[in-house]
Enquirer: 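Sharing a structure with you now.
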Amino acid sequence: GYKIKFKARGSASVASIPAGDLDARASGDSPGVRITDSREMDLVVPRKVTVQYLDTVREYDINSQYAERINTDAVNERSIDLPIVLTASEAAKKAEMLLYLYWLERYDISFVLPSAYAQIEPGDTITVQSDLASYELRVTSTNTMPDGRIECRAKYNSAAVYTPTAQGEEGQSVGAALALDGPSSFKLLDI
């Protein structure tokens, strides 16, 4: 029997999976790799993420905020146009969150679970337990095999990435109020 612990978190469930359940195989098959972890090269991941947005302080003019990782050899930059109204700090937080999310998700994790985990769906957050550590993963895809085993692909997950602390620079306001210099008169033209 399998012991599966589930906790409710929003709309996705959180499963705690012991390391012994990771190498689910058909009967008679020899033991294989429990978990596969592949990683993109650092040069592929962006060094700088720029968010362009409509700035509420600058009378909805287009503004930009960025987050940059300076301790890397990466040279790529990614620019994202958001057609929404934000403050400078909100946009800076989005840029920081996206930058660290790209770096966290450069790992692709794959493993096979027994049929007892059939309720796991893409978007669920799971914790994989091992003797030395536990890993929080976000499931990106599942595939049910003919014998009931579940092939899973996942990315690393960290709640801290979704609570950025960046502060944006408001910049100078481009608008100005119109001032009337004197009295005005209303004249209708008959033209």
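The shown structure was predicted, so the numbers you read here are calculated from the model rather than taken from an experiment. Residue indices begin at 1 and follow the sequence shown. Worth knowing before you read on, the calculation uses all heavy atoms, side chains too, and leaves out hydrogens, waters and symmetry mates.
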Enquirer: Would you say the side chains of Ser89 and Gln167 form a donor-acceptor pair under 3.5 Å?
Expert: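 Yes - a donor-acceptor pair under 3.5 Å links their side chains.
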Enquirer: Just to verify, what does Arg153 make a salt bridge (Lys or Arg N to Asp or Glu O under 4.0 Å) with, not counting sequence neighbours?
Expert: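 Arg153 satisfies salt bridge (Lys or Arg N to Asp or Glu O under 4.0 Å) with no other residue.
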Enquirer: Where do Arg149 and Leu113 land on the side-chain contact (heavy atoms from CB on, under 4.5 Å) test, with the steps shown first?
Expert: CA-CA 6 Å; Arg149 293 179 296 150; Leu113 295 173; over 6 Å; no
Enquirer: Which other residues belong to the hydrophobic cluster containing Leu43, where Ile, Leu, Val, Met, Phe, Trp and Tyr are joined when side-chain heavy atoms lie under 4.5 Å apart, directly or via other members?
Expert: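 Members besides Leu43: none; it forms no cluster.
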Enquirer: I would like to know whether Ser16 and Gln129 meet side-chain hydrogen bond (donor to acceptor under 3.5 Å, both in side chains); could you show each step before the answer?
Expert: CA-CA 7 Å; Ser16 179; Gln129 305 289 339; 3.3 Å; yes
Enquirer: Does Tyr53 reach the side chain of Val85, with side-chain heavy atoms less than 4.5 Å apart?
Expert: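 The answer is no; the side chains never approach within 4.5 Å.
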Enquirer: Does Asp73 have any side chain to side chain donor-acceptor pair (under 3.5 Å) partners at least two apart in sequence or in another chain, and if so, which?
Expert: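 Asp73: no side chain to side chain donor-acceptor pair (under 3.5 Å) contacts found.
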Enquirer: On the 0 to 90° scale, with breaks at 30° and 60°, tag the Tyr107-Tyr156 ring pair as parallel, tilted or perpendicular.
Expert: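 Ring orientation of Tyr107 relative to Tyr156: perpendicular.
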Enquirer: State whether a side-chain donor-acceptor pair under 3.5 Å links Ser110 with Glu151.
Expert: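 No donor-acceptor contact under 3.5 Å links the two side chains.
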Enquirer: Could you tell me which residues satisfy side-chain contact (heavy atoms from CB on, under 4.5 Å) with Ile70, sequence neighbours excluded, listed by chain and number?
Expert: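 With neighbours one apart ignored, the set is Arg47, Glu68.
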Enquirer: Contact between Pro122 and Thr142 at the side-chain level, heavy atoms closer than 4.5 Å - yes or no?
Expert: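 Touching, per the 4.5 Å side-chain cut-off.
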Enquirer: Can you list the steps and then say if Asp21 with Phe111 is a side-chain contact (heavy atoms from CB on, under 4.5 Å)?
Expert: CA-CA 10 Å; Asp21 288 352; Phe111 48 91; over 6 Å; no
Enquirer: List for me each residue that meets side-chain contact (heavy atoms from CB on, under 4.5 Å) alongside Arg106, sequence neighbours excluded, and say none if there are none.
Expert: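 Result, side-chain contact (heavy atoms from CB on, under 4.5 Å) vs Arg106: Arg39, Glu40, Asp42, Val45, Trp103.
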Enquirer: Does Ile84 have more than 12 heavy atoms from other residues, nucleotides or ligands lying within 6.0 Å of its CD1?
Expert: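 More than 12 within 6.0 Å, yes.
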Enquirer: Less than 3.5 Å apart, any donor N or O on the side chain of Asp55 or Tyr60 sitting next to an acceptor on the other?
Expert: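 Not at all, the side chains of Asp55 and Tyr60 share no donor-acceptor pair under 3.5 Å.
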Enquirer: Quick check: do Leu137 and Thr127 have side-chain heavy atoms less than 4.5 Å from each other?
Expert: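 A side-chain contact is absent here, since even the closest heavy-atom pair is not under 4.5 Å.
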Enquirer: Does anything in residues 81-104 pair up under salt bridge (charged side-chain N to carboxylate O under 4.0 Å, His left out), and if so which pairs, sequence neighbours excluded?
Expert: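 For residues 81-104, and leaving out neighbouring residues, there are no salt bridge (charged side-chain N to carboxylate O under 4.0 Å, His left out) pairs at all.
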Enquirer: Does Lys155 reach the side chain of Ile109, with side-chain heavy atoms less than 4.5 Å apart?
Expert: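 When only atoms from C-beta onward are counted, Ile109 and Lys155 do not touch, as no gap falls below 4.5 Å.
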Enquirer: Let me see the working for Glu59 and Asp61 under side-chain contact (heavy atoms from CB on, under 4.5 Å), right down to the final yes or no.
Expert: CA-CA 6 Å; Glu59 294 184 356; Asp61 194 15; 5.8 Å; no
Enquirer: Taking atom CG of Asp190 as the centre, does the number of heavy atoms from other residues, nucleotides or ligands within less than 6.0 Å exceed 12?
Expert: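 Atom CG in Asp190 is not packed in, count stays at 12 or less.
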Enquirer: Would Leu54 and Leu98 show up in the same hydrophobic cluster when neighbours are defined by side-chain heavy atoms closer than 4.5 Å?
Expert: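 No, because Leu54 and Leu98 fall into different hydrophobic clusters, even though each may have its own neighbours under 4.5 Å.
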Enquirer: With a cut-off of under 6.0 Å to the ring centre and 45° to the axis, is Arg78 in cation-pi contact with Tyr102?
Expert: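 Positive - Arg78 is close enough to the ring of Tyr102 and near enough to its axis.
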Enquirer: Taking a hydrophobic cluster as the set of Ile, Leu, Val, Met, Phe, Trp and Tyr residues connected by side-chain heavy atoms closer than 4.5 Å, whether directly or through intermediates, do Tyr100 and Ile80 fall within one such cluster?
Expert: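 Tyr100 and Ile80: one cluster.
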Enquirer: Side-chain contact, heavy-atom cut-off 4.5 Å: Ile17 with Ile126?
Expert: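 Side chain of Ile17 against side chain of Ile126, heavy atoms only: contact under 4.5 Å found.
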